[in-house]
2 protein chains.
Amino acid sequence: MITNKNCVIRLSRYKNALYRLQSLGFVRVFSDNLADAIGVLPSQVRKDFSLFGITGNKRGGYNIDSLIEKLNTILGKDQLQKVVIVGTGNIGSALMKYKGFEKEGISIAACFDIDPAKINRQAKIPVLPLEELKDFARANQIKIGVIATPDVAAQSALEMMLSAGIKGVLNFAPLRLRAPAEEIVINNVNLELELENVIYFVNALDKTRAA
Amino acid sequence: MITNKNCVIRLSRYKNALYRLQSLGFVRVFSDNLADAIGVLPSQVRKDFSLFGITGNKRGGYNIDSLIEKLNTILGKDQLQKVVIVGTGNIGSALMKYKGFEKEGISIAACFDIDPAKINRQAKIPVLPLEELKDFARANQIKIGVIATPDVAAQSALEMMLSAGIKGVLNFAPLRLRAPAEEIVINNVNLELELENVIYFVNALDKTRAA
DNA sequence: TAGATTGTTAATCGATTAACAATC
DNA sequence: TAGATTGTTAATCGATTAACAATC
């Protein structure tokens, strides 16, 4: 098992670049082209592939179709991934409507909220009471959940997910969730932090120029 | 100038942890406590502080109030940061309504869209035609922009921001933007990719267990 | 064949961790 | 003072980059 997160992220980027090349009619690709497309060095591309046992042809590069297929298998995109979202505030409902996931073979099976006013069983993506999360996730074999609740509700949302058999979480609440690492994969997206980071580097750049 | 992104992200996390400790009534903190709060080692905390010239007291640790102040200065939070958002689709409008930014001293000055139907000059956060971005950003000295447009519009949004004097961009469009690195800081948030990453590690964990 | 590209090994680089002298 | 904690230097670790033999 590869535990380097950056490496897995690069695989996703290669895959995206390959789809673009494919739609332009290309059939083969060299490590050189892929490297340029995602902004790394050619040896990084070959190293990444080597780590996952992906091989090409010396002199002939890689066949785009079969490369896409291999990457999709590695990334679990050979099967539809069903996810649930807990929290239907701003972030939650934006994710619910977001077209990007469907395009990537990710289907939002349902959303959950604690507020009875938000419940809507008839919607294309139903919004259900939080109490039903456990039964729903088990019945539909959901393994992936998104936490888009207010901060204070995030930890308990995680615990409900754990008890519902969910194995992976994308967390948008800006705090550190506590869970046994062997039991669940947590990936945090902290929007304030990302913006703060931009602000820092802009200021730092400014100071460098002034100096 | 510190160019290690991870280090800057940790500073933000320290700051958040410190606010929590402060609200619990604590006055001083040790590298040990901070390390535990954000999940790193104590020597990492001291190393990070040392990189930014932050010092404490041997035996006495760090004073929380003054530590928060120092971190806020470094992170540019001693002044209100005004940002603009281009694109008022799902992501854009979620960000517009998101409470997390205001809490962090980040104010959304305006949003911009190419669709005339979206324009709303009377709203608390006005939605303006894209053509007005340049004048607005210059008049209001906006340095930070968020790209939340469809993929195909992202590169041109970036170029308009560049010409408007914007120096830092948080990009939600899932593609690589091209720009001269010396002129602009770009931070990408790719939601599909983050979710794909969770899916990969869940599958990988599954395989490890099965084996 | 000659030339180009892979796959892998070795070298480099940078970030994290450990260790410990200084000192409150 | 004795004990605990910092600040910094050195050691380790892991990821990226370079180099090059194999070969299509």
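Order of the sequence lines fixes the chain letters, A, B, ..., with proteins taken first and strands second; residue numbering starts at 1 for each chain.
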Please report, to 0.1 Å, the donor-acceptor pairs under 3.5 Å made by any side chain of residues 25-40 of chain A, with sequence neighbours excluded.
from: A:R28; atom 1: NH1; to: A:G60; atom 2: O; distance (Å): 2.4
from: A:S31; atom 1: OG; to: A:R46; atom 2: NH1; distance (Å): 3.1
from: A:N33; atom 1: OD1; to: A:F30; atom 2: N; distance (Å): 2.8

statement: Partner of B:E104 under side chain to side chain donor-acceptor pair (under 3.5 Å), picked from B:K99, B:K15, B:Q81, is B:K15
- request: Using the closest heavy atom to pick a nucleotide of DNA chain D for each, name whichever of A:K58 or A:R10 lands nearer the 5' end.
  value: A:R10
message: Taking the side chain as everything from C-beta on, heavy atoms only, tell me whether A:I68 gets closer than 4.5 Å to A:I64.
response: yes
message: With a 4.5 Å cut-off on side-chain heavy atoms, are A:I186 and A:L158 touching?
response: yes
Less than 3.5 Å apart, which donor and acceptor atoms pair up between the side chains of residues 162-169 of chain A and the rest of the protein, not counting sequence neighbours?
from: A:S163; atom 1: OG; to: A:M160; atom 2: O; distance (Å): 3.0

Please name all residues satisfying salt bridge (Lys or Arg N to Asp or Glu O under 4.0 Å) with [X], sequence neighbours left out, ordered by chain then number.
X: A:R10; value: A:D48
X: A:K47; value: none
X: B:E192; value: none

task: Could I get the full list of ring-ring contact (aromatic ring centres under 6.0 Å, His included) partners for A:F172, not counting sequence neighbours?
output: none
- prompt: For B:Y14, which residues count as a ring-ring contact (aromatic ring centres under 6.0 Å, His included) partner, sequence neighbours excluded?
  reply: B:F49
query: Quick one: ring-ring contact (aromatic ring centres under 6.0 Å, His included) pairs with a partner in residues 81-100 of chain A, sequence neighbours left out?
result: A:Y98-A:F101
field: Boundaries of the DNA chain C segment in contact with chain B, non-hydrogen, under 4.0 Å
entry: C:dA15 to C:dC24
- prompt: Which residues within residues 59-70 of chain A lie with some heavy atom under 4.0 Å of an atom in DNA chain C?
  reply: A:R59, A:G61, A:Y62
message: Can you list, in residue-number order, the parts of residues 12-32 of chain A that come under 4.0 Å of DNA chain C, counting heavy atoms only?
response: A:F30, A:S31
field: Which nucleotides of DNA chain D pair, in dot-bracket form (Watson-Crick or G-U under 3.5 Å, | meaning another strand)
entry: ..||||||||||||||||||||||
query: Looking only at side chains, do A:N188 and A:N171 share a donor and an acceptor under 3.5 Å apart?
result: yes
